[in-house]
Amino acid sequence: MNIENFLTAEVETALKALYGGLPEQAVQVQKTRKDFEGDLTVVVFPLLRLSRKGPEQTASDLGDYLSANVAGVKGYNVVKGFLNISFDENFWLSRLNEVIAAPDYGRLPATGKSIMVEYSSPNTNKPLHLGHIRNNLLGYSVAEILKANGHTITKVNLVNDRGIHICKSMLAWKKFGGGETPASSGMKGDHLVGKYYVAFDKAYKAEIKELMASGMSEDEAKKEAPIMKEASQMLRLWEAKDPEVYGMWEMMNGWVYEGFAKTYKAMGVDFDRTYYESQTYLLGKSLVEEGLKRGVFFRKDDGSVWVDLTDDGLDQKLLLRGDGTSVYMTQDLGTAYQRFTEYKLDAHIYVVGNEQNYHFQVLKLILGKLGYDWAEHIYHLSYGMVELPEGKMKSREGTVVDADDLIDEMVGTAREMSQELGKLDGYSEEQVTEICNMVGLGALKYFILKVDPKKTMLFDPKESIDFNGNTAPFIQYTHARICSILRKAEEAGIKPYATVPAMGMVKDETELVKNLVDYPEVVRAAGENYSPALIANYAYELAKEFNGYYHDYSILREENEAVKVMRLTLIAQVARVICSAMALLGISVPERM
RNA sequence: GGUUCCGUAGCUCAGUUGGAUAGAGCAUCAGAUUUCUAAUCUGACGGUCACAGGUUCGAGCCCUGUCGGAAUCACCA
């Protein structure tokens, strides 16, 4: 039961009884701030026009009515225009029992809506880096949050496996590779291919320098460099399905996919379907033809097709080149159409960096102009760059943070820390590895997901490994401690209640219940705002609340057996909700650490 | 120059539809362990919510402008 909605309904009943009607504005009920006495607060300012009385008088009239007529309301106080309502212990016990009884607490009822989430979308010429990590974690988490909101989710990946960039790697490998393979070199496939992408760039730069030394301008040199011409030639051969080039392309992409698969597995992300641009890049042409016929687009003298967006405050955008070949936008129009049709989507979320804000703005506009009303259900989940303390990441300057390296480092640090503290003494090597994986990766995921996606964020490796404060290890540790207490109780033959009987509760206990009761609302809000950060901060608050509670009471030493079991029951639910919330972030929580 | 986004404590970040005296963590300082896990807890210090107007009972949040920063504005993807 959502207590805000419950009280809102009761307040509305009260207003009808007291004043014979409802106010123009909706009744506002919110949580009472910590510094005031009470559980929920009714803001009475908007009710004054209806009551025709002062704020204090209106509030106390309403408070009197609610105390007398609503079960569970214990009392109230009035501060300025705020009516603070307190609920009694049985009210909170009932709420706790509702939490216990809900088999999938925090999972909202099915909506029947079909939503696609596209994320990751890597290029096949280099390994994944820190920016991809933000993308992958966001995509996966948002998909999980939307699932918890009752939607049917399809997670897809669109792999950019064609184009000049992959030809560069292929060419460099052919020229300098000497037949090196992942097997022969022991390198992860994506790293091996990335190595040759860098090798190409090096050779290319050397050629440019040479040409410029012989008197060529920089622009000219960039075009005339032999290795670049060769790469372009390779792309043409690929498009013509030349057997040698095509075979090499399949082989090297295969290496990359093996490497990506490992990284995805380590990150714990997955996809229901993978699209490849080599198979989709021709889509969308028919949409452009149709738009042309209907006068939505226009053709220039050289035969290229454009859309005029000047009325929308933008400029003209190319849709088909003069030679009839398509561009990125053409493909995205086509894939959007295909997906909405095939999956009968109610919404489509693209997790793509903010450097493509303009692209998606244009994409939606064009689809709208073509008359597709689903265009407005496209949502670009745009995220900002990840910067390092030393400045921006630049692949050319070698300041990128490699995804695999970072994951290894985080897990390694988790291991060092736990050894130092003697936390995992007595566990098997297998258990230690499992726990360190959870902790190291959890720290990384949480550090990134707790930040609002659209903000440029600073990634400080040192700080991300911090295990105190608003971090995953802190929350995981809280969970592990609860599990530890429950284990001890079980050993003593104590089982939590299936339904807690009526009894007294102390303030800290009702605070914990309040936090638990909030959870479904947080899930809903996170789903509406595509915001893992809301979940992350909720999990932290809950863990912190428990830590405060735990330190004031020695649960197992409580002499009143019924109270002791009630407390165990309560914290078991805290553990359950922590576990559930963290799962929405893709973070596992260990039972011991 | 156009478009979009960001600007909250020394640092990294929260702030759900406009609500009360602005919230954490890190850092700094002062405390707490008869233990069920101290990878913890309690307290102190720290703010002109970039700036200036406006809307209203009420603005960190909405509107306008200014300043500062980022992304983008390709017959690249």
Side-chain angles (χ1 to χ4, degrees), chain A residues 26 28 30 32-36 41 43 45-46 48 55 79-82 84 121 123 160 162-165 277 281 300 302 304-306 312-315 317-323 325-329 331-332 353-362 382 384-385 387 389 392 414 417-418 420-421 423 439 447 450-452 454-460 462-464 466-471 473-474 476-478 480-489 492 518 521-522 524-526 528-529 531 533-534 536-538 540-541 544 547-557 592-593:
Chain A
Q28 285 183 58
Q30 58 198 245
T32 302
R33 292 181 58 116
K34 282 246 164 123
D35 349 314
F36 295 92
T41 296
V43 184
F45 291 111
L48 301 184
V79 182
K80 290 194 250 173
F82 300 91
N84 300 320
S121 309
N123 291 345
N160 179 8
R162 64 172 286 275
I164 193 77
H165 58 272
E277 290 201 0
Y281 78 106
K300 285 192 177 173
D302 63 356
S304 57
V305 179
W306 296 72
D312 300 285
L314 304 173
D315 40 24
K317 185 83 189 169
L318 177 84
L319 297 174
L320 279 180
R321 297 192 184 98
D323 61 6
T325 57
S326 56
V327 290
Y328 182 42
M329 183 60 73
Q331 173 189 257
D332 263 11
N354 64 7
E355 68 271 13
Q356 292 196 32
N357 286 355
Y358 183 73
H359 173 79
F360 282 98
Q361 202 183 346
V362 172
S382 164
M385 303 217 146
E387 289 180 358
K392 291 181 187 178
M417 294 293 290
S418 61
E420 234 170 76
L421 295 161
K423 284 284 167 188
V439 174
F447 188 85
K450 76 175 174 185
V451 180
D452 179 0
K454 62 175 177 282
K455 286 185 175 170
T456 303
M457 69 172 289
L458 185 87
F459 183 82
D460 186 343
K462 282 179 203 151
E463 202 182 320
S464 69
D466 203 337
F467 288 1
N468 291 325
N470 192 355
T471 65
F474 170 80
Q476 289 171 319
Y477 180 58
T478 303
R481 284 165 83 199
I482 295 176
C483 290
S484 169
I485 296 170
L486 294 175
R487 273 196 301 273
K488 277 272 180 339
D518 279 343
E521 178 58 22
V522 173
R524 193 201 57 76
E528 253 177 33
N529 300 299
S531 171
L534 283 178
N537 286 297
Y538 168 79
Y540 175 60
E541 288 301 325
K544 222 170 58 150
N547 271 308
Y549 171 69
Y550 163 79
H551 268 266
D552 288 339
Y553 299 91
S554 302
I555 293 167
L556 289 178
R557 278 157 202 272
R592 54 188 90 212
M593 66 185 271

Any strand is fair game: report the nucleotide pairing with [N] by Watson-Crick or G-U wobble, both distances under 3.5 Å, or none.
N	result
rU72(B)	rG2(B)
rC26(B)	rG10(B)
rU34(B)	none

With a non-hydrogen cut-off below 4.0 angstrom, is [X] in contact with a base, only sugar-phosphate, or nothing?
X	result
Glu277(A)	sugar-phosphate
Leu458(A)	sugar-phosphate
Asp460(A)	nothing
Glu521(A)	nothing
Asp323(A)	nothing
Ser418(A)	base
Asp35(A)	nothing
Phe36(A)	base
Asn547(A)	sugar-phosphate
Arg592(A)	base
Val451(A)	sugar-phosphate
Pro46(A)	base
Ala480(A)	base
Thr41(A)	base

As a test of reading the structure: which of [options] is closest to the side chain of [X], going by heavy atoms?
X	options	answer
Arg321(A)	rC5(B), rC76(B), rA71(B)	rC76(B)
Lys455(A)	rC6(B), rA77(B), rG25(B)	rC6(B)
Lys80(A)	rG15(B), rU21(B), rA71(B)	rU21(B)
Met385(A)	rA14(B), rC36(B), rA71(B)	rA71(B)
Tyr358(A)	rA38(B), rU72(B), rA77(B)	rU72(B)
Phe474(A)	rA38(B), rC41(B), rU16(B)	rC41(B)
Tyr550(A)	rA38(B), rA14(B), rA24(B)	rA38(B)
Lys544(A)	rA24(B), rU37(B), rA70(B)	rA24(B)
Asp466(A)	rA24(B), rU37(B), rC26(B)	rC26(B)

- Task: Decide yes or no on side chain to side chain contact (heavy atoms under 4.5 Å, CB included) for Tyr358(A) and Lys317(A), but give the supporting numbers first.
- Result: CA-CA 11 Å; Tyr358(A) 183 73; Lys317(A) 185 83 189 169; 4.2 Å; yes
- Message: Roughly how many Å apart are rA77(B) and rU64(B), using the C1' atom of each and rounding to a whole number?
- Response: 38 Å
- Message: In whole Å, measure the gap between the C1' atoms of rA59(B) and rC49(B) for me.
- Response: 11 Å
- Message: Tell me whether the ring of Phe45(A) lies stacked over the rG58(B) base, given a 5.5 Å limit on centroids and a 30° limit on the plane angle.
- Response: no
- Message: Check whether Ser418(A) reaches the backbone of Ala414(A) with its side chain - one donor and one acceptor, N or O, closer than 3.5 Å.
- Response: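 Yes; judged by distance alone, with no hydrogens or angles, the pair exists.
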- Leu314(A) backbone acceptor or donor facing Asp312(A) side chain under 3.5 Å: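 Here the side-chain-to-backbone pair does not exist.
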- Message: Let me spell it out: for each of Tyr540(A) and Val439(A), pick the nucleotide of RNA chain B with the closest heavy atom. Which residue's pick is nearer the 5' end?
- Response: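 Its nucleotide being nearer the 5' end, the pick is Tyr540(A).
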- Does a donor on one side chain sit under 3.5 Å from an acceptor on the other, for Thr471(A) and Asp466(A)? no
- Nearest-Å distance, CG (Asn354(A)) to P (rG69(B))?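 From Asn354(A) CG to rG69(B) P: 17 Å.
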- Query: Is there side-chain contact between His359(A) and Asp332(A), with heavy atoms separated by less than 4.5 Å?
  - Reply: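 They are in contact (side-chain heavy atoms under 4.5 Å apart), so the answer is yes.
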- Task: Using the test side-chain contact (heavy atoms from CB on, under 4.5 Å), find all partners of Asn537(A) that sit at least two apart in sequence or belong to another chain.
- Result: Asn470(A), Ala533(A)
